[in-house]
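Some notes on the structure that comes next.
Atom set for the values below is all heavy atoms of this structure, side chains included, hydrogens, waters and symmetry mates excluded. Being a predicted model, the structure only gives us computed values, none of them experimental. Within every chain, numbering begins at 1; the chains are lettered A, B, ... in the order of the sequence lines, protein sequences first and strands thereafter.
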Amino acid sequence: MSPGRSPSDLAVDRAVPVSATPSIWAFIAADCFSFAIFFAVFMSERLGKASLFDESARRLDARLGLLNTLILICSSGLVAAGVAAAQKGDLSEARRWLWRGVIVGGGFGVVKIVEYSSKVLHGLTPLTNDFFMFYYALTGVHFLHYLIGLAVLFVLIRKTRSATIADSNTLLWINSGGIYWHMVDLLWVFLFPMLYLLGGR
Amino acid sequence: MVNPYRYVRTCAWSGPILLFIALVFWAVIGHNIPPFSADLDAETFAAQFREHALSIRIGMIATMVGGVLYMTWGVAISKIMQALERDNDVLSTLQRWGAGLTALIFVIPCGIWTTATFRAQTMNPEMLQMLYDLGWVIFDVSFSLTTVQMVALGVCFLGDTRSKPLFPKWVAWFSIWVGLMFFLETLMPFFKSGPFSRSGTLNYWIEFSIFFWFMGIVSYYTFTSITRLEQEHVARPQPV
Amino acid sequence: MALQNKQITNVWLALIVATLGSFVVAEYLAQPRWGVAAIMIVAAFKVRLILRHFMELKHASTELRVLFDAWILVCAGMISGFYYVA
């Protein structure tokens with residue numbers, strides 16, 4: 001299957017140069033936009049049901065939520081270090097940091113599963129009330145993002161292995177993948193207080 | 001001279017035409033802005049449905065007939081993707097299949113809704129409601145057929161190494177994002193009211209809006225890409 | 001445009017301190033009503049740190065920076081706003 005390029009385009013047949021603004025930002029913007037909508041829907045549904053929502057929120061374990069926030073922040077830091085190493089051209093160093101990021105980040109999944117199980121065992125399911133419907137839906141959607149993020153990190157680790165040098169295409173992947181992982185972190189930074197802390201004590 | 005892009009533009013027109021049919025016939029004439037709430041009891045639903053049965057029937061028939069255009073649209077997009085694919089034609093094939101199967105999701109639920117209008121005046125309200133619900137479950141929860149099309153398309157266009165890509169990268173990312181956003185529809189069968197229900201803020205207003213934007217934006221760039229590819233083909237030295 | 005390890009450490013530390021600090025305030029110190037505004041401001045500050053430094057938004061286009069600053073304001077403002085109106 002011939003690519004069918006015109007002569008002027010053939011000169012372009014090289015890896016896309018890494019710009020300061022990788023195109024994944026379009027996805028990040030769209031996804032952050034959708035989360036803003038989720039926040040708006042949650043908070044507007046809360047109007048008029050504030051005591052129900054607050055009382056339900058108090059049944060969540062804020063310490064687990066806090067732990068998860070700290071886990072993702074640490075994981076983000078480790079991944080950032082991996083990206084920094086890749087930018088300096090040291091792919092094996094990058095790979096080490098990315099692995100640390102994956103291992104620490106994996107803790108989030110473990111805590112989440114523990115949390116969901118404990119809630120369900122106490123009879124708190126998505127059908128319990130409106131708050132819990134949102135709690136499960138929002139953290140569930142975030143969890144899907146998180147799982148995709150883990151997969152992305154594994155892909156990045158594989159790229160550090162298969163690439164011999166930190167060429168622009170590899171760097172684009174690593175920069176973009178890191179940016180996605182940081183998004184998973186920052187979305188949780190808003191989700192945590194909104195879901196766990198508004199109810200107070 | 002061989003023209004590898006013959007008929008492609010014609011197929012590409014399917015996109016805008018189906019978008020028009022979907023908005024005018026399915027949405028407006030078909031009384032789907034928004035659909036009837038799942039929260040209504042059967043009697044109330046039946047009364048409202050019967051009142052608009054003729055209009056809905058017309059809207060749904062038009063959508064059933066127009067549904068095939070999603071498939072033909074996908075064929076046009078495939079030809080663009082084939083110009084970019086280097087290793088094999090997996091992505092364009094996935095896109096074509098995704099588009100083809102999505103065409104059925106226009107046809108079948110609309111067939112069910114048309115059936116509901118057929119004897120609406122005399123049918124028992126629970127049966128009417130069940131048919132309506134049936135159409136909506138299939139319509140909404142079959143999203144992954146379309147996700148495959150959108151993700152394949154997006155991944156392919158992200159791999160375009162032209163200095164000025166045929167499809168801008170943000171469109172490729174938008175396509176992937178829309179395909180993944182559809183996963184919210186997994187929640188639809190759990191709710192009869194609220195943002196996750198079939199007429200809710202998220203599972204109707206947001207999801208359907210982004211789908212229509214996807215059709216419009218991708219249609220636009222399909223046309224511009226066809227023009228560029230035709231020009232490139234003509235500019236290329238021909239075998240003697 | 002590269003990330004620096006020192007910068008990463010500083011940002012990470014700021015995020016950890018901000019997280020622990022606002023949690024202590026939320027759970028143990030402040031009245032819920034005053035506390036929420038403080039928590040959301042701190043959350044906004046944390047999100048901005050992640051965007052600007054970890055995600056290197058400070059090296060990206062001006063439009064993106066403005067867009068995300070607006071997004072942060074809208075999200076934090078909306079959550080706080082709806083909270084106080086409820």
With only heavy atoms counted, which part of [X] is less than 4.5 Å from chain C, the side chain, the backbone, both or neither?
X: A:Leu187; result: side chain
X: A:Ala29; result: both
X: A:Ser44; result: both
X: A:Ala50; result: side chain
X: A:Ser76; result: both

Nearest heavy-atom pair of [X] and [Y]: which atoms, and what distance?
X: C:Trp71; Y: A:Phe33; value: NE1-N, 4.0 Å
X: C:Cys75; Y: A:Phe39; value: SG-CD1, 3.7 Å
X: C:Val85; Y: A:Leu47; value: CG1-CD2, 3.9 Å
X: A:His182; Y: C:Met55; value: CB-CG, 3.3 Å
X: C:Phe68; Y: A:Cys32; value: CE2-SG, 3.8 Å
X: C:Phe82; Y: A:Arg46; value: O-NH1, 4.4 Å

So do [Y] and [X] actually touch side chain to side chain, heavy atoms under 4.5 Å?
X: C:Val36; Y: A:Pro193; answer: no
X: A:Ile179; Y: C:Leu57; answer: no
X: A:Thr69; Y: C:Leu15; answer: no
X: C:Phe23; Y: A:Phe192; answer: yes

Please look at C:Val74 and chain A and tell me whether the side chain, the backbone, both or neither of the residue comes under 4.5 angstrom of a heavy atom of that chain.
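For C:Val74, there is no contact with chain A at all, as no heavy atom is under 4.5 Å.
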Contact class of C:Ile79 relative to chain A, heavy atoms under 4.5 angstrom:
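Both backbone and side chain.
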Interatomic spacing from [atom1] in [X] to [atom2] in [Y] - rounded to 0.5 Å:
X: A:Thr21; Y: C:Arg65; atom1: OG1; atom2: CZ; result: 9.0 Å
X: A:Trp97; Y: C:Ile8; atom1: CH2; atom2: CD1; result: 8.0 Å
X: C:Met40; Y: A:Leu198; atom1: CE; atom2: CG; result: 7.5 Å
X: A:Trp25; Y: C:Glu63; atom1: CH2; atom2: CD; result: 13.5 Å
X: A:Ile73; Y: C:Leu49; atom1: CD1; atom2: CG; result: 9.5 Å
X: C:Ile39; Y: A:Leu197; atom1: CD1; atom2: CG; result: 5.0 Å

Name the member of A:Gly178, A:Gly65, A:Ala62 that forms the most heavy-atom pairs with chain C at distances under 4.5 Å.
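If we count pairs closer than 4.5 Å to chain C, A:Ala62 comes out on top.
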Neighbour count >12 (heavy atoms, 6.0 Å) for atom CZ, A:Arg158:
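No, CZ of A:Arg158 has 12 or fewer neighbouring heavy atoms, counting only those of other groups under 6.0 Å.
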